[in-house]
Amino acid sequence: MKLSVVIPVYNERETIAEILRRVTRVRLASEIVVVDDGSTDGTRQVLKQLARRRSRLRLILHERNRGKGAAVRTGIAAARGDLVLIQDADLEYDPRDYRALLAPIEEGLADVVFGSRFLGGARRPTMFWHMIANKMLTLMTNVLYNSILSDMETGYKLFRREIIQGIPLRARRFEFEPEVTAKLLTRHVRIFEVPISFNPREYSEGKKIGLWDAFEAVWALLKYRFVD
């Protein structure tokens, strides 16, 4: 099965070349779809140079910043592989975990795989309150949708392409994670979780998600429990 890796990017000049190097090094991606979401810090110029040298890199440009969810949706719509994996550009997630993510689908156990940061994988011990917020949102997901997920907000989600392209998605910002999770659960799609490593960056290092995004996630979970 061919793997499309979708990378939404906004102002990640310091990390974009490195994450592309790491994705390429695992030699599992048939294509890398990078969606630059209106970067203004020089990221776009770096990407244009890299795209000229890498045949598997497909670069899509948003003329203005529309939000991570919008960039992810653009990348999903453009993906051509049998499987679609979302990869952040900030080095928090390690492409060496791709094989673990792929295994449940290759073995016929799942149609979607979540990489969980809370199943015992190696991780940097920081951002305590961010972890608490993640766990509270996951608990809310489990109560509303009768599931036992350990990490709803994970940025590593792997999908069969026909499934993710067949789900209507509206997220513009960071509410992509609760929206797609809610819609997968209401459709009774087979989800599997595997442990992944996690190296979170702090706000001083450029982390973008904030408190308001937690409220948006709560609203998305409530809304999509009753509205598709």
Side-chain angles (χ1 to χ4, degrees), residues 4-12 31-39 58-90 92-93 110-116 130 133-134 136-147 149 151-191 193 207-228:
S4 296
V5 176
V6 172
I7 306 180
V9 182
Y10 177 63
N11 287 351
E12 297 289 1
E31 65 171 0
I32 305 172
V33 182
V34 179
V35 182
D36 182 86
D37 191 34
S39 292
R58 296 172 56 204
L59 178 58
I60 301 173
L61 304 176
H62 283 179
E63 290 308 311
R64 59 180 178 83
N65 180 247
R66 293 162 51 188
K68 179 183 177 180
V72 171
R73 288 191 289 115
T74 295
I76 288 171
R80 300 168 181 164
D82 304 293
L83 305 175
V84 179
L85 174 68
I86 312 302
Q87 169 73 60
D88 287 348
D90 55 13
E92 290 192 339
Y93 294 89
D111 297 306
V112 173
V113 180
F114 285 16
S116 174
H130 193 265
N134 283 333
M136 290 177 66
L137 289 169
T138 298
L139 175 61
M140 182 177 177
T141 303
N142 290 333
V143 170
L144 286 172
Y145 297 90
N146 191 30
S147 61
L149 292 171
D151 190 5
M152 177 276 289
E153 283 280 351
T154 177
Y156 257 177
K157 291 182 171 71
L158 172 68
F159 313 88
R160 290 190 184 274
R161 179 169 60 87
E162 66 271 17
I163 288 177
I164 191 59
Q165 289 185 346
I167 295 176
L169 297 169
R170 299 177 176 84
R172 294 183 180 180
R173 288 175 42 80
F174 293 101
E175 75 274 19
F176 171 80
E177 311 299 351
E179 179 186 5
V180 74
T181 302
K183 292 182 175 181
L184 290 168
L185 291 171
T186 56
R187 285 164 170 76
H188 305 290
V189 174
R190 294 186 304 165
I191 301 174
E193 286 189 302
K207 194 172 188 67
K208 297 180 177 71
I209 195 168
L211 178 62
W212 178 250
D213 297 298
F215 292 111
E216 286 193 334
V218 168
W219 172 239
L221 289 170
L222 290 169
K223 178 172 63 175
Y224 293 118
R225 177 64 181 84
F226 305 103
V227 178
D228 187 41

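Numbers here are sequence positions counted from 1. Every value quoted in this text rests on a predicted model; they were computed, and no experiment measured them.
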Within the side chain of [X], is there an N or O that forms a donor-acceptor pair under 3.5 Å with the backbone of [Y]?
X      : Y      : result
Glu179 : Arg170 : yes
Thr154 : Ser116 : no
Arg161 : Val84  : no
Lys183 : Tyr224 : no
Arg80  : Ser4   : no
Gln165 : Ile76  : yes
Asp88  : Asp90  : no

Taking all atoms of both residues into account, what is the closest heavy-atom pair of [X] and [Y], and its distance?
X      : Y      : value
Ala220 : Glu175 : CB-CB, 4.4 Å
Ala89  : Val9   : CB-CG2, 4.0 Å
Tyr10  : Gly38  : CE1-O, 3.5 Å

Could you give the distance from [atom1] ([X]) to [atom2] ([Y]), rounded to the nearest 0.5 Å?
X      : Y      : atom1 : atom2 : answer
Ile32  : Ile7   : CD1   : CD1   : 5.5 Å
Ile164 : Leu85  : CD1   : CG    : 11.5 Å
Leu144 : Leu221 : CG    : CG    : 6.5 Å

Check your understanding: Looking at residues at least two apart in the chain, or sitting in another chain, which of them share a ring pair (Phe, Tyr, Trp, His ring centres under 6.0 Å) with Phe176?
Key -> none
Check your understanding: Which residue pairs pass the salt bridge (charged side-chain N to carboxylate O under 4.0 Å, His left out) test when at least one of the two sits in residues 218-228, sequence neighbours left out?
Key -> Arg187-Asp228
Side chain proximity check, [X] to [Y], heavy atoms < 4.5 angstrom:
X      : Y      : value
Phe114 : Ile191 : yes
Thr181 : Lys157 : yes
Thr141 : Leu185 : yes
Val35  : Arg73  : no
Gln87  : Tyr93  : yes
Phe159 : Ile86  : yes
Glu177 : Leu137 : no

Apply side-chain contact (heavy atoms from CB on, under 4.5 Å) to [X] and list each qualifying residue two or more places apart in sequence or on a separate chain.
X      : result
Ala77  : none
Thr138 : Asn142, Leu149, Met152
Glu162 : Arg160

Point to revise | Counterpart residues, side chain to side chain donor-acceptor pair (under 3.5 Å), relative to Asp37 (two or more places apart) | key: His62, Asn65
